[in-house]
Amino acid sequence: MLEHILDILAQFGAGGGNPENLAVRFLLAAFFWAVLAMASISQWHKGKNKKDLYVSYAAIFGLARELIMFCLEDLALRQVFPLAITHLYYPPIDHALTQASYVAIGYAFLYYFHGDLKSTTFYRNIGFVSVVLLFGIVFPTWQNFLSANPQLKFGAYPGDIWLHVYMALLTGFPLLVFARLYLRLKARIAVPLLIGFSFFFLDDFLQIFCLAEAELHKAIYAPIRHNLHIWAIPCFILVYWKDQLGRVVKAKIQAERERAKSEAIIAALSDGLSIIDSNYQITYQNPSHLQLVGVKRGEYCYQVMDKQDEVCADCPASQTFMDGEIRTVEKTLAHREMTMEVTTSPMKDREGKVTEVVEIIRDITARKLLEKQFGEAQRIEAVGRLTGGVAHDFNNLLTAMFMNCDILQLDQSLPESAKGNINEIYALAHRAASLTNQLLVYSRKQIIQSKPLDLNQVVGGIENMLRRVIGENIDFSIRLGEGIGPIFADNGQLEQVIMNLIVNARDALEVSSGKISISTHTVTMPGKEPGQVPYKVVRLTVRDNGCGMPPDIQSKIFDPFYTTKEVGKGTGLGLSTVYGIVSKLDGEIEVESRPDEGTAFHISFKQLENQAVAEEEQMSSAHGADMSTGTGTILLAEDEEIIRKMLYNQLTKSGYTVLLAKNGLEALEIGAKKDIAIDLLLSDIVMPKLSGIELAEKLRQSRPDLKVLFMTGYTEDILNDHGTLDPDINLINKPFTPDKLLQEIVNIRQHSSCARSG
């Protein structure tokens, strides 16, 4: 039975002595080494992994060994050249290439599976150095031995047994390492790896045994040894291919994960991303792109996005296709009121040709709106700076104009025609003051003096001025509701709102048939949220029967600088000022208008409780008192000469004794005289040498009960720079009319509470 098995082994590459057995013995092993070499070299080019490199080294050494051995033995058997030449070169080359192959494949798998890189590197270095040294020693000594003993085989060479011992050690070391790892980590070390190194080890171990025993044992073990060497190589191929297959599967799984992650990232982008081919068809788009533009995959971008039949002249994708450069442009979609920032980037092939374009779109509508608003804010700020710079001088001039008009109106010697001209000047001065006030409102430089007010009294207080502004040819009526409660607002700003609405209504009328009406009434509003109690609002309505407005104009009338009037006839600040004031006072404004049917503005303010304004109403009762005569002494401090003279004439004409001072120091000297009784200090705030606030503080040190009324033509930011805006001071803003000034003086003298007036 044993002899039969040996015979089979001998026929399958183990025997020697004829070309057929040599072909099986060497070429089968060469085929296995070649397969391993091709696989390892291919993997090395893909990943540059050191394991693949050394596996390829081992396969090349093994392949070379098998082919060289086959050629030498086959040529000798066929008597192509003498057998002595084969014996001369065969053994040293055989042992050198076999050792190199063992070292390379041992290092390759030790490097991959074993964590101790120092011992692995030491194994590689010692192994390759020893291959070179042993070949350098064996080759000359074998030639000398063969020349002395021409009939002997290599097995009779004394160093042969030690070479096989050394090769057994080269395969035994990794075998022990892998066996130890397998016992600890079975899943990590493949069984074919252990089998392969075991076959190599047994190959050399049996050769050692054969060299030490008789010829019979050589004949028995030689077929086994040869087969072990041949079938060790497929074991390494199995291990290697299993590893490569694992790499491929792992790489594929990793690629799938990366692809899924990339798709998730792209899908999560708020920016729209699409890929456009050379025909301008969309071949890919993320959900944001579909949501933003509505284009679907496969459609032509220019047809859907720009509603055109051909590529747009300014298409950024077209330019990127031409020059391969990144482009960023702003576009407005033809079918939506949306501004997009479009960025196109090229996708190139290996030759550098642009094959597709990646297009990223971003909705910048909100950003453009902010930029526009920022530009408006800058323009308003510039206007505010300009207005604030000239407001003081301009308001002083307007104050003088009001007082002169008032004096001329009381002159009985003037003809009626002259009084009409005076009324026109008076109305124009109010319009000039209104324009300045509008600009100050938008630049946030106007001084706000909110307090409880009776809206009916505010309207009634400016009725005469409104009639002057409107003119006699327009039917003007006022209907004030009864039982109107108080609101919390600024008197001057409310007057500004009413004046702007009246001017706007007047400009929309046909003079021959124009009608304007003002009405006030109380409205009960439901709670803004479920469960809230109803509340009352005081509503002011200004209605005209003018040209009216279509819906597209109504949506823009509150925009700053927007006007439908001819150039030079409108500033575009009237209604925007109204909207700004109403919003700042926590009110609401509604517009009701139709073309050719007129316009109505409804302005609502929340009504206050009556108890909160009892004292204020008591003060306002003085408004109806006779202010044409007055008593007492007023210390007037004003650095502008024209205003100082006009105020002196007005106050003395009204019965007051007036002490004049052209600056704060001069007024302080007058006030320091204890023999002079002073009932009221009327002072400008900003004056050279000594401000009005400092003047009042110093005078109150000796006159603690002194009542003070401040005047100013400056804006709020300038007053803040002086630190003078105390909420408890009494302040009247320039420009003011004589009636308003006298009214404030009466209020302050009759009541101890403080007030501010616009």
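Heavy atoms only: backbone and side chains are in, while hydrogens, waters and symmetry mates are out.
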Check the pair I233 / W231 against side chain to side chain contact (heavy atoms under 4.5 Å, CB included), numbers first and verdict last. CA-CA 5 Å; I233 305 170; W231 297 109; over 6 Å; no

Main-chain N/O of E325 paired with D323 side-chain donor or acceptor, under 3.5 Å: yes

Would you name the heavy atoms of G324 and P346 that are closest together and state the gap between them? O-CG, 3.2 Å

From L170 CG over to I126 CD1, what is the distance, rounded to the nearest 0.5 angstrom? 10.5 Å

Quick check against the 3.5 Å criterion: does T339 have a side-chain atom that pairs as donor or acceptor with the backbone of K368? no

Side chains of S345 and I360: closer than 4.5 Å at any heavy-atom pair? no

Taking every heavy atom of L194 against every heavy atom of A179, the minimum-distance pair comes out as CD2-N, 3.5 Å

For residues F201 and L176, determine if any side-chain heavy atom of one lies less than 4.5 Å from a side-chain heavy atom of the other. no

Report yes if some heavy atom in the side chain of Q285 is under 4.5 Å from a heavy atom in the side chain of L273; otherwise report no. no

Under a 4.5 Å cut-off applied to non-hydrogen side-chain atoms, are I361 and H289 in contact? yes

First locate atom CG of L540, then atom CZ of F601, and finally report the distance between them rounded to the nearest 0.5 Å. 11.5 Å

Taking side chain to side chain contact (heavy atoms under 4.5 Å, CB included) as the test, write out the residues that go with F31, two or more places apart. V35

List in chain and number order the residues that pass side chain to side chain contact (heavy atoms under 4.5 Å, CB included) with L169, two or more places apart in sequence or in another chain; answer none if no residue qualifies. none

Between K348 and E356, does any NZ, NE, NH1 or NH2 come within less than 4.0 Å of an OD or OE carboxylate oxygen? no

F321 to T355 - nearest heavy-atom pair and separation: CE2-O, 3.7 Å

Y284, OH: over 12 other non-hydrogen atoms inside 6.0 angstrom: yes

Are R367 and E330 within salt-bridge range, i.e. N to O under 4.0 Å? yes

Residues in ring pair (Phe, Tyr, Trp, His ring centres under 6.0 Å) contact with F488, at least two apart in sequence or another chain: none

Test T320 against R327 for side chain to side chain donor-acceptor pair (under 3.5 Å), laying out the working first. CA-CA 7 Å; T320 300; R327 291 285 190 280; 5.5 Å; no

Report the distance from atom CE of M549 to atom CD of E592, rounding to the nearest 0.5 Å. 10.5 Å

Flag the pair F61 / W33 as yes when their ring centroid distance falls below 6.0 Å, and as no otherwise. no

Hey, mind stepping through Y54 and R124 against side chain to side chain contact (heavy atoms under 4.5 Å, CB included) and telling me if it holds? CA-CA 10 Å; Y54 279 88; R124 179 198 63 185; 3.2 Å; yes

Smallest heavy-atom separation, A108 atom then V55 atom, equals CB-CG2, 3.5 Å

Nearest heavy-atom neighbours spanning G548 and T599: CA-OG1, 3.6 Å

Side chain to side chain donor-acceptor pair (under 3.5 Å) between T328 and T343, intermediate numbers included: CA-CA 4 Å; T328 300; T343 300; 3.2 Å; yes

Sequence-distant partners of F605, side chain to side chain contact (heavy atoms under 4.5 Å, CB included), two or more places apart: I487, L494, V582, L585, I603

If I compare all heavy atoms of A100 with all of V131, which pair ends up nearest, and what's the gap? N-CG2, 3.8 Å

Would the distance check show the side chain of S101 and the main-chain N or O of A58 forming a donor-acceptor pair, the cut-off being under 3.5 Å? yes

Any side-chain heavy-atom pair from I276 and S274 closer than 4.5 angstrom? yes

Please check this pair: side chain of S42 against backbone of A39, looking for a donor-acceptor N/O pair closer than 3.5 Å. no

Do R539 and M525 have side chains that approach each other closer than 4.5 Å (heavy atoms only, starting at C-beta)? yes

Let me see the working for T121 and N125 under side chain to side chain contact (heavy atoms under 4.5 Å, CB included), right down to the final yes or no. CA-CA 6 Å; T121 304; N125 295 340; 3.6 Å; yes

Side chain to side chain contact (heavy atoms under 4.5 Å, CB included) partners of K48, counting only residues at least two apart: W44, H45

Can you list every salt bridge (charged side-chain N to carboxylate O under 4.0 Å, His left out) pair that touches residues 271-283, not counting sequence neighbours? D271-R362

Atom OG in S198, atom CG in L228: separation rounded to 0.5 Å? 10.0 Å

Aromatic ring centroids of Y123 and Y107 under 6.0 Å? no

Around Y280, counting heavy atoms of other residues, nucleotides and ligands shown, do more than 12 lie under 6.0 Å from its OH? yes

Within the structure provided, determine whether I105 and F197 are in side-chain contact (heavy-atom separation under 4.5 Å). yes

Roughly how far apart are F236 CZ and L36 CG, rounded to 0.5 Å? 9.0 Å

Rounding to 0.5 Å, atoms SG (C315) and CD (E359) come to a distance of 7.0 Å

Taking C-beta and beyond as the side chain, do V358 and M347 meet within less than 4.5 Å on heavy atoms? yes

Please lay out, stage by stage, how N286 and L269 fare under the test side chain to side chain contact (heavy atoms under 4.5 Å, CB included). CA-CA 8 Å; N286 68 346; L269 291 175; 4.1 Å; yes

